Amino acid sequence: MSVFKEYLSIIQIQLEVMAGAGELPPGLDFGRVSVEPPREAAHGDVSTNAAMVLAKPAQTNPRALATALAARLGRAEGVVSAEVAGPGFINLRLAPEVWRAELGRALEARERYGDTDHGTGKAPVNVEYVSANPTGPLHVGHARGAVIGDALAALLEKAGYTVLREYYINDAGAQIDKLAFSTFARYLEALGEALTEESFAARFPGMVWEYRGEYLAPVGAALARSHGAALKNAPPETWLPVVRDFAVAAMMALIKDDLAALGIRHDVFTSERAIVAAGKVDEALTALEGAGHIYTGVLEPPKGMVLDDWEPRPQTLFRATAFGDDVDRPLMKSDGTWTYFAADIAYHWDKARRGYLDQIDVWGADHGGYVKRMKAAVSAVTVGKGALDVKLCQLVNLLERGQPVRMSKRAGNFVTLREVVDEVGKDVVRFMMLTRKNDAPLDFDLAKATEQSLDNPVFYVQYAHARAYSAARHAKEAFPELDLSLAALCAADLSRLDHRGELDLIRSIAGWPRQVEMAADAHEPHRLAFYLFELVAAFHSHWSKGNAEPNLRFVVPGDRALTLARLALARGVATVIASGLKVFGVAAVEELR
RNA sequence: GACCCCGUAGCUCAGCUGGAUAGAGCACCUGCCUUCUAAGCAGGUGGCCGCAGGUUCAAAUCCUGCCGGGGUCGCCA
């Protein structure tokens, strides 16, 4: 339990007492009462809005209620002072022991510090991310969704939720046929029959050679090795299913390798084709039909757009408008096969049926137009019990010293995720992807990402972690026999930490559990990056005070007890950094090179 | 035309489930290395929070309407 939650509960108890004494009407809802650090540190340690949110329902004025409550809180354990301020805030100043005790808890918890039971007992959460089409290697845009999804999953787990990480393989549809044809071209090439764009078009009328990248060459060669020339002169009907499966398997292997290089893992890979083949689309849609959410109708063309080939046509439609969407959405193509949306409904229905009513999808921003209908669908298939949150990831602008790196997927020379990871390392890629909120565009400068300076937040944070351990190494020189085990640090006399900068640092550390909870509630892992940045800045700042005032250094020759206490503080900072970096999947190093 | 995202310091962005005097980095200016890592720190300059209304004790935050940038728009995935 964080310090803030602890005092929230103390405040609630005092409010109950006041209600019992007739000072407040019975049955008030304390749900909006919050306890947080005041914006200005000068105002105190923790602040509550209790009087302001309860004044109206209690039919009193905020300052009067605040005064009465503050009088009681002033007598609570650990409270040094309780003051009414502004329109009715109550600012509490807590005894240093309260904060020092929290530092002790952080040390004992180690990387698990900040873990909460916030999500314990709640519905398990399904986080779906990456879900790139298996038609080629991942590029940097995919990396963003991958990292955000992975970090969000870890964050939710830290907050006590049960989480399943899932990847939806879009292995059905026209794109996959194009992949198969493109692979077949490479197969012919491997057999000595290199195609040109013209000969490809002549041989496969109506099909374009979509995926021209070199990465399919080894797949074509492997196909030639395993099937020889057997497919060479067969008609497409014969080889298509074979090549399709072969190519998809090869692409998924490629993608999983790319993900592994980034340290991303999934618990479950679900195939779109398997969903369709298992009849789940029919099942899901039958359920929707039974509920009256499906009908045959004619859609209006979108206004303000020119669509030459628009023909009004009766279609099978999902009544998405009943669930907040703008128009009803088609489920069946004119050739009688399901639309992508229909399969996706079945997929989300399947997730819900597996027990995941709480679903999160991480998508690229180009899918923004799809959000409402999918939320509508989840709402419909779960009969209102489920909820879908969609995190849209904006573009990543890849830069090299401020200049855009050209990316052209068509020419087949787009910058792959693998290239970027090889150049700057997975930790850097991961952290950088989390330094912006998902719906803001992200500039990713390859040169800055490897710089060791304040420009590079990854370095700045890791540097602080390394510094904390560096202090311990130096302490070993001053006190060769000093026991620096975690147990010894936990047993340190923390009351020696009484400098303002030290107490500020402890308060920052103590804010970590609250940050985790807020970030988890908002489904926004990037918030932790900003918090870590602030914590680390405070640490560097305090550290540097030792330059001018040697008595503030972490290692104080001649005072082993003080040194031990300060090393405990440094370790506390390192603990929170490690705890945060673990959520991000980034290594916390003890030494920089 | 509709829908979604964005608009905060010269630049890149936090803050947005309403709270006190709106923050950080970069850039620019001024300081600090016989030193536990100066790979850093301290200070300064810099704001009609896109515009206009509304709700509220309280609005950068919520609502409405505009303006500007991006994305998407039946049988692509």
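Proteins come first, then strands; the chains are lettered A, B, ... in the order of their sequence lines, and each starts at number 1. Just so it is clear, the structure is predicted and the values come from calculations on it, not from any experiment.
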For this session: Tell me whether the OP1 or OP2 atom of C13(B) has a side-chain N or O from R527(A) closer than 4.0 Å.
Result: no
Problem set entry | Check: N91(A) side chain, A20(B) base, donor-acceptor under 3.5 Å | yes
Exercise. So, is H465(A) close to the U37(B) phosphate, meaning a side-chain N or O under 4.0 Å from OP1 or OP2?
Worked result: no
Exercise. What nucleic acid atoms does P330(A) come within less than 4.0 Å of, heavy atoms only: base, sugar-phosphate, or nothing?
Worked result: sugar-phosphate
Problem set entry | Y460(A) side-chain N/O to A24(B) phosphate OP1/OP2 under 4.0 Å | no
For this session: Decide whether S47(A) and E36(A) meet the rule of one side-chain donor and one side-chain acceptor closer than 3.5 Å.
Result: no
Exercise. For F533(A) and A24(B), is the gap between ring centres under 5.5 Å while the planes differ by less than 30°?
Worked result: no
Exercise. Is any side-chain N of the basic residue among E524(A) and R527(A) closer than 4.0 Å to the acidic one's carboxylate O?
Worked result: yes
Problem set entry | Sugar-phosphate, base or nothing in reach of A548(A), heavy atoms under 4.0 Å | nothing
Exercise. How would you label the contact of A174(A) with the nucleic acid (heavy atoms, under 4.0 Å): base, sugar-phosphate, or nothing?
Worked result: sugar-phosphate
Problem set entry | Nearest-angstrom distance, C1' atom, G15(B) to C73(B) | 33 Å
For this session: Sticking with atom P, work out how far G53(B) lies from G69(B), rounded to a whole angstrom.
Result: 24 Å
Exercise. Distance only, no hydrogens: is a donor on one side chain within 3.5 Å (strictly under) of an acceptor on the other, for T135(A) and N133(A)?
Worked result: no
For this session: Please tell me which of the listed nucleotides, A20(B), A38(B), G40(B), lies nearest to the side chain of H43(A)?
Result: A20(B)
For this session: State whether H474(A) places a side-chain N or O below 4.0 Å from either non-bridging phosphate oxygen (OP1 or OP2) of U37(B).
Result: yes
Exercise. Between G40(B), G71(B), G74(B), which nucleotide gets closest to the side-chain atoms of D366(A)?
Worked result: G71(B)
Exercise. So, for F89(A) and H43(A), is the gap between ring centers shorter than 6.0 Å?
Worked result: no
For this session: Starting at atom CD of E534(A), determine the distance to atom C1' of G23(B), rounded to an integer number of angstrom.
Result: 8 Å
For this session: Decide, applying a 5.5 Å centre-distance limit and a 30° plane-angle limit (both strict), whether H540(A) stacks on G40(B).
Result: no
For this session: Please check the phosphate of C36(B) (OP1 and OP2 only) for any side-chain N or O of S470(A) closer than 4.0 Å.
Result: no
For this session: List the protein contact pattern of nucleotides 3-8 of chain B with one symbol per nucleotide (5' to 3'): B for base contact, S for sugar-phosphate-only contact, - for none; contact means a heavy-atom distance under 4.0 Å.
Result: SSSS--
For this session: Could you tell me whether K391(A) and D361(A) have a side-chain N and a carboxylate O separated by less than 4.0 Å?
Result: no
Exercise. Is the shortest side-chain N to carboxylate O distance from K375(A) to D325(A) below 4.0 Å?
Worked result: no
Exercise. Would you say the side chain of S47(A) and the base of A20(B) hold a donor-acceptor pair, judged only by whether the two atoms sit under 3.5 Å apart?
Worked result: yes
Exercise. On a whole-Å scale, what distance lies between the C1' atoms belonging to C16(B) and A58(B)?
Worked result: 15 Å
Problem set entry | Whole angstrom value for the distance that separates C1' of G1(B) from NZ of K303(A) | 8 Å
For this session: Indicate whether OP1 or OP2 belonging to G74(B) is found under 4.0 Å from a side-chain N or O atom of K333(A).
Result: no
Exercise. If you look at every strand shown and take non-hydrogen atoms under 4.0 Å, does N547(A) touch a base, only sugar-phosphate, or nothing?
Worked result: base
For this session: Among the candidates C75(B), G40(B), C41(B), find the nucleotide nearest to the side-chain atoms of S541(A).
Result: C41(B)
Exercise. To the nearest Å, how far apart are Y370(A) OH and C73(B) C1'?
Worked result: 13 Å
Exercise. Given the C1' atoms of G25(B) and C41(B), what is the spacing between them in whole Å?
Worked result: 15 Å
Exercise. What pairs meet the side-chain hydrogen bond (donor to acceptor under 3.5 Å, both in side chains) rule with one or both residues in residues 309-322 of chain A, with sequence neighbours excluded?
Worked result: T321(A)-D328(A)
Exercise. Is the gap between the ring centers of Y531(A) and W512(A) under 6.0 Å?
Worked result: yes
For this session: Tell me the stems RNA chain B sits in, counting at least three consecutive Watson-Crick or G-U wobble pairs, each under 3.5 Å on both distances.
Result: B:1-7 with B:67-73, B:10-13 with B:23-26, B:28-32 with B:40-44, B:50-54 with B:62-66
Exercise. Checking R329(A) against F318(A): charged group under 6.0 Å from the ring centre and within 45 degrees of the axis?
Worked result: no
For this session: On the 0 to 90° scale, with breaks at 30° and 60°, tag the F530(A)-H526(A) ring pair as parallel, tilted or perpendicular.
Result: perpendicular
Exercise. Between C41(B) atom C1' and L552(A) atom CG, what is the distance in whole Å?
Worked result: 13 Å
For this session: Check if the side chain of R473(A) and the base of C36(B) share a donor-acceptor pair of N or O atoms closer than 3.5 Å.
Result: no
Problem set entry | Stepwise side-chain hydrogen bond (donor to acceptor under 3.5 Å, both in side chains) check, D521(A) with H118(A) | CA-CA 9 Å; D521(A) 278 346; H118(A) 198 55; 2.8 Å; yes
Exercise. Which one, G15(B), G19(B), A77(B), comes nearest to the side chain of N170(A)?
Worked result: A77(B)
For this session: Give a yes or no on whether the ring-centroid distance for Y129(A) and Y167(A) is below 6.0 angstrom.
Result: no
For this session: Identify whether any heavy atom of R553(A) sits under 4.0 Å from a base atom; if not, whether one sits that close to sugar-phosphate; answer base, sugar-phosphate or nothing.
Result: base
For this session: For D171(A), answer base if it contacts any base atom (sugar-phosphate contacts may also be present), sugar-phosphate if it contacts only those atoms, and nothing otherwise; contact means non-hydrogen atoms under 4.0 Å.
Result: nothing
Exercise. Which value, in whole Å, describes the distance between the C1' atoms of nucleotides G70(B) and C26(B)?
Worked result: 24 Å
Exercise. Hey, does E272(A) reach any base, or is it just sugar-phosphate, or nothing, if we go heavy atoms under 4.0 Å?
Worked result: sugar-phosphate
For this session: With P as the reference atom in both, quote the distance from C49(B) to A9(B) in angstrom, rounded to an integer.
Result: 9 Å
Exercise. How would you label the contact of Y340(A) with the nucleic acid (heavy atoms, under 4.0 Å): base, sugar-phosphate, or nothing?
Worked result: base
Exercise. Within this structure, what is the CZ-to-C1' distance between R329(A) and A77(B), rounded to whole angstrom?
Worked result: 15 Å
Seminar exercise, completed: Which of G15(B), G74(B), A38(B) is nearest the side chain of H526(A)? It is G15(B)
Exercise. Between T339(A) and G74(B), is there a side-chain N or O to OP1/OP2 distance below 4.0 Å?
Worked result: no
Exercise. Roughly how many Å is it from CD in E36(A) to P in G19(B), rounded to a whole number?
Worked result: 8 Å
Exercise. Which value, in whole Å, describes the distance between the C1' atoms of nucleotides U12(B) and C51(B)?
Worked result: 24 Å
Exercise. For the residue pair F539(A) and F554(A), is the inter-centroid distance of their aromatic rings smaller than 6.0 Å?
Worked result: yes
For this session: Have a look at M332(A) and say if it touches a base, only the backbone sugar-phosphate, or nothing, with a 4.0 Å heavy-atom cut-off.
Result: nothing
